[in-house]
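Along the sequence shown, the residues carry numbers beginning at 1.
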Amino acid sequence: MQSELIGTWELEISENINEYFKQLGMAANRRKVAVTIKPIVVITKSEDDLWCIAIDMKNKGTETVFRVGNEVDSSNELKYVFDIRFYFDSRKRCRVKIK
């Protein structure tokens, strides 16, 4: 399962994303632009089990580097900071916990 995540992924559809951004407190003019962006996500894994999720959103991007099961600080466009823990459950699904 883990190796199936590695690669480049493109957003196909997003539903209710404008409402999601609105609930996060994003201003209307920023939401208008944000809903048109189709991010590209690149997931890689190094030989020493260090994962990287890089998100390219036109002229902005983010990158999160982590080890499965360890907490990592991350932030979003609105500057909210999250403690995130990535792990794989017994059904071999990727799970993300955000504190």
Side-chain angles (χ1 to χ4, degrees):
M1 167 59 185
Q2 295 179 20
S3 62
E4 294 172 9
L5 294 172
I6 296 170
T8 301
W9 305 88
E10 294 183 45
L11 176 67
E12 291 183 8
I13 63 168
S14 59
E15 297 176 0
N16 299 321
I17 194 71
N18 189 51
E19 186 60 29
Y20 171 73
F21 290 147
K22 187 176 182 180
Q23 292 299 316
L24 286 177
M26 187 182 283
N29 59 336
R30 292 187 76 197
R31 287 196 316 267
K32 189 174 182 177
V33 173
V35 298
T36 66
I37 296 172
K38 299 238 183 213
I40 296 173
V41 178
V42 179
I43 301 175
T44 58
K45 181 182 174 189
S46 69
E47 290 180 13
D48 60 346
D49 289 330
L50 203 59
W51 287 81
C52 177
I53 299 176
I55 303 172
D56 180 15
M57 298 171 290
K58 292 192 178 180
N59 56 354
K60 294 207 180 226
T62 63
E63 187 174 276
T64 303
V65 178
F66 61 94
R67 289 190 194 282
V68 172
N70 294 341
E71 284 189 6
V72 62
D73 290 335
S74 188
S75 62
N76 65 11
E77 184 66 23
L78 297 175
K79 307 301 182 218
Y80 293 119
V81 176
F82 303 97
D83 289 330
I84 301 175
R85 182 173 293 193
F86 297 87
Y87 66 98
F88 294 94
D89 69 14
S90 60
R91 295 184 201 147
K92 299 187 178 183
R93 293 181 295 179
C94 180
R95 299 276 191 167
V96 178
K97 284 187 179 179
I98 300 176
K99 292 184 178 182

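- Hydrophobic clustering, defined by side-chain heavy atoms of Ile, Leu, Val, Met, Phe, Trp and Tyr closer than 4.5 Å, leaves Ile13 isolated from every other such residue.
- Under a hydrophobic-cluster definition in which Ile, Leu, Val, Met, Phe, Trp and Tyr are linked whenever side-chain heavy atoms come within less than 4.5 Å, directly or via other members, Val41 and Phe66 are assigned to the same cluster.
- Atoms CG and CE, on Asn29 and Met26 in that order, are 10.0 Å from each other to the nearest 0.5 Å.
- With rounding to the nearest 0.5 angstrom, the CD1 atom of Ile55 is 11.5 Å from the CD1 atom of Ile40.
- The CG atom of Asn18 sits 10.5 Å away from the CD atom of Gln23 when rounded to the nearest 0.5 Å.
- Here CZ of Arg31 is found 13.5 Å from OG1 of Thr36. Values are rounded to the nearest 0.5 Å.
- Taking the side chain to side chain donor-acceptor pair (under 3.5 Å) definition, one finds that Asn16 meets it with nothing, sequence neighbours left out.
- Of the residues Val65, Thr44, Ile43, Thr64, the one that meets the side-chain contact (heavy atoms from CB on, under 4.5 Å) test with Trp51 is Ile43.
- Under a hydrophobic-cluster definition in which Ile, Leu, Val, Met, Phe, Trp and Tyr are linked whenever side-chain heavy atoms come within less than 4.5 Å, directly or via other members, Ile6 and Trp9 are assigned to the same cluster.
- Note on Leu11: it does not cluster hydrophobically with Ile53, by side-chain heavy-atom contacts below 4.5 Å among ILVMFWY residues.
- For Lys32, the side chain to side chain contact (heavy atoms under 4.5 Å, CB included) criterion is met by no residue, not counting sequence neighbours.
- At least one side-chain heavy atom of Arg67 sits under 4.5 Å from a side-chain heavy atom of Leu50.
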